[in-house]
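Chain naming here is simple, since letters A, B, ... match the order of the sequence lines and numbering starts at 1 in each.
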Number of protein chains: 2
Amino acid sequence: MPTAQTILDSAEAQMRARGYNDVSYRNIADALGMKSASLHYHFASKTDLGVALVRRYAENFRAAYDAQIQGNSAPLATLDIFIALHRQALAEQELICLCAVLGAERGSLPEAINDEVRAFFIGNINILTQIFNNAGRPKPERAAKASVSALEGAMIVAGVNGDMDVFDATAELVRTQLL
Amino acid sequence: MPTAQTILDSAEAQMRARGYNDVSYRNIADALGMKSASLHYHFASKTDLGVALVRRYAENFRAAYDAQIQGNSAPLATLDIFIALHRQALAEQELICLCAVLGAERGSLPEAINDEVRAFFIGNINILTQIFNNAGRPKPERAAKASVSALEGAMIVAGVNGDMDVFDATAELVRTQLL
DNA sequence: GTCTATAAGATGATAGAC
DNA sequence: GTCTATCATCTTATAGAC
């Protein structure tokens, strides 16, 4: 595996647990048995690292979604795939969404990173708008905005409370929009 | 106004915009025209400051809620007050909920602070559980968990996207549970 | 590509004068 | 209560050897 990818892997895991500002080049280097100076060869600045990280995160999410929807699934089945994609890492590794973390720290982040976070949210809103639209729901974009918000918030509250039922109850509310 | 309160005021405004880890004793002191050493007289450690901050935030929220519900309002009217309490600071000052920010940074915070954040979420879930219960809704606690999650997430996504409609669309979804 | 060495600045925190 | 002065440590980042 290319070193740049292992750097992003470590950065992602740490930032999803502790936030952008608590993760340093040293933290990441230590976790990989490297020196912090070496990381600057792959990502000249922390901003570069952050931008690359969110971009990869969004691409991976989209790729996983595209791989799981087989052509013309029913809207509810497609929504359940979208929900499951959010649920996974939270249940298995207690990791919340990278963009929920970065979105909460927005005021301290370089605008280039905020732009990528926004693109992730808008991309997900677009995915869900299409699903709700296919189901013939009125105002599909508003349903999509509410769904993205609910699921992002659910990861944070479920994480703090140590209660996966918080996530599942929220997912149920999101699903009612297609029932 | 007591100095301790003005310190908390500045800390709250800054942390709700930039996160816990990007706000320092120096930042707060500068904003107040003081020296960082002086802050340690009022809050010996940053953990003490954080705990006091979340505790005051939860108390203020609860007091504002109690002041606005007049005795026996209808469930939907009461829910709208709860929603409006979340909407205010976001619309007027672009400040998201303190506990949404701290919840996102959970893995880097002292456990004493995480405990206060959890108490805030549980307190709000209890408030909403009572509202949904009064309305005769089945599984009122699950509706409450979903509502808290949705509103916390809505503040983050609305903030990043610069789109208050994200919040309002989410609030609408929360309200459907009483329609 | 990775290292050592280093820079300039920020951080939470303390001691002690006023 | 607030200050000056100071501390040990951490931060992002660079220069240059290997």
Side-chain angles (χ1 to χ4, degrees), chain A residues 1-56 98 101-102 105-114 116, chain B residues 1-56 98 101-102 105-114 116:
Chain A
M1 179 132 59
T3 306
Q5 294 299 311
T6 69
I7 291 169
L8 292 179
D9 288 344
S10 180
E12 180 179 322
Q14 293 193 52
M15 286 185 187
R16 288 173 69 178
R18 313 205 309 268
Y20 180 89
N21 291 304
D22 194 56
V23 177
S24 68
Y25 270 61
R26 262 211 205 6
N27 295 155
I28 300 167
D30 286 350
L32 299 176
M34 298 176 68
K35 295 296 167 180
S36 70
S38 307
L39 301 202
H40 284 279
Y41 172 81
H42 299 279
F43 302 99
S45 74
K46 195 179 177 184
T47 299
D48 294 332
L49 194 162
V51 168
L53 185 58
V54 185
R55 204 168 280 172
R56 187 187 72 154
L98 175 66
V101 175
L102 301 184
E105 293 179 302
R106 170 177 132 257
S108 63
L109 302 186
E111 214 42 52
I113 294 181
N114 288 334
E116 298 294 332
Chain B
M1 179 135 57
T3 307
Q5 294 299 312
T6 69
I7 292 169
L8 292 178
D9 288 344
S10 180
E12 180 180 322
Q14 293 193 51
M15 286 186 186
R16 287 173 70 177
R18 311 205 310 267
Y20 180 89
N21 290 304
D22 195 57
V23 177
S24 68
Y25 270 61
R26 263 189 181 61
N27 296 156
I28 301 167
D30 285 350
L32 299 176
M34 297 177 68
K35 296 295 166 181
S36 71
S38 308
L39 301 204
H40 285 278
Y41 171 82
H42 300 278
F43 302 98
S45 74
K46 196 178 176 184
T47 299
D48 294 331
L49 195 162
V51 168
L53 184 59
V54 184
R55 204 169 281 171
R56 187 187 73 153
L98 175 66
V101 175
L102 300 184
E105 293 178 302
R106 169 176 132 257
S108 63
L109 303 186
E111 213 43 51
I113 295 180
N114 289 333
E116 297 295 333

Could you list, one pair per line, each protein nitrogen or oxygen that sits under 3.5 Å from a nitrogen or oxygen of nucleotides 9-11 of chain C, together with the distance?
unit_1: C:dT11; atom_1: OP1; unit_2: B:S24; atom_2: OG; d: 3.2
unit_1: C:dT11; atom_1: OP2; unit_2: B:S24; atom_2: OG; d: 3.2

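- Picking from D:dC3, D:dG1, C:dC3 the nucleotide with the shortest atom distance to the side chain of A:K35 gives C:dC3.
- A straight line from NE2 of B:H42 to C1' of D:dG1 spans 6 Å, rounded to a whole angstrom.
- Protein atom CZ of B:F43 is 13 Å distant from nucleotide atom P of C:dA13, rounded to whole Å.
- The stretch residues 23-52 of chain B participates, sequence neighbours left out, in these ring pair (Phe, Tyr, Trp, His ring centres under 6.0 Å) pairs: B:Y25-B:H40.
- Atom CE of residue B:M15 and atom CG of residue B:L98 lie 8.0 Å apart, to the nearest 0.5 angstrom.
- Note on A:S45: every side-chain N or O is 4.0 Å or more away from OP1 and OP2 of D:dT12.
- Put simply, OH on A:Y41 is 18 Å from C1' on C:dT4, counting in whole angstrom units.
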Taking only nitrogen or oxygen atoms into account, show me every contact under 3.5 Å that the protein makes with nucleotides 14-18 of chain C, one pair per line with its distance.
none

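- Nearest heavy-atom pair, A:L102 versus A:L109, reported as atom, atom and distance to 0.1 Å: O-CD1, 3.4 Å.
- Rounded to whole Å, the distance from CE on A:M34 to C1' on C:dT4 is 14 Å.
- At C:dG1, none of the side-chain N or O atoms of A:S38 fall inside 4.0 Å of OP1 or OP2 (strictly under the cut-off).
- In this structure, B:Q5 places its CD atom 13 Å from P of D:dG1, rounding to the nearest Å.
- Take A:R106 and apply the salt bridge (charged side-chain N to carboxylate O under 4.0 Å, His left out) test, not counting sequence neighbours, and it matches B:E94.
- Formation of a donor-acceptor pair under 3.5 Å by the A:E105 side chain with backbone atoms of A:Y20 is found in this model.
- Regarding B:I28, its CD1 atom lies at a distance of 11 Å from the P atom of C:dA13, rounded to whole Å.
- A:S108 and A:N21 get closest at one heavy-atom pair: OG-ND2, 2.8 Å.
- Residues in residues 31-55 of chain A take part in these salt bridge (Lys or Arg N to Asp or Glu O under 4.0 Å) pairs, two or more places apart or across chains: A:R55-A:E116.
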Show me, pair by pair, the donor-acceptor contacts under 3.5 angstrom made by side chains of residues 26-34 of chain B, not counting sequence neighbours?
unit_1: B:N27; atom_1: OD1; unit_2: B:R18; atom_2: NH2; d: 3.1
unit_1: B:N27; atom_1: OD1; unit_2: B:S24; atom_2: N; d: 3.0
unit_1: B:N27; atom_1: OD1; unit_2: B:S24; atom_2: OG; d: 3.2
unit_1: B:N27; atom_1: ND2; unit_2: B:S24; atom_2: OG; d: 3.4

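- Closest heavy-atom contact between A:L49 and A:A11: CD2-CB, 3.8 Å.
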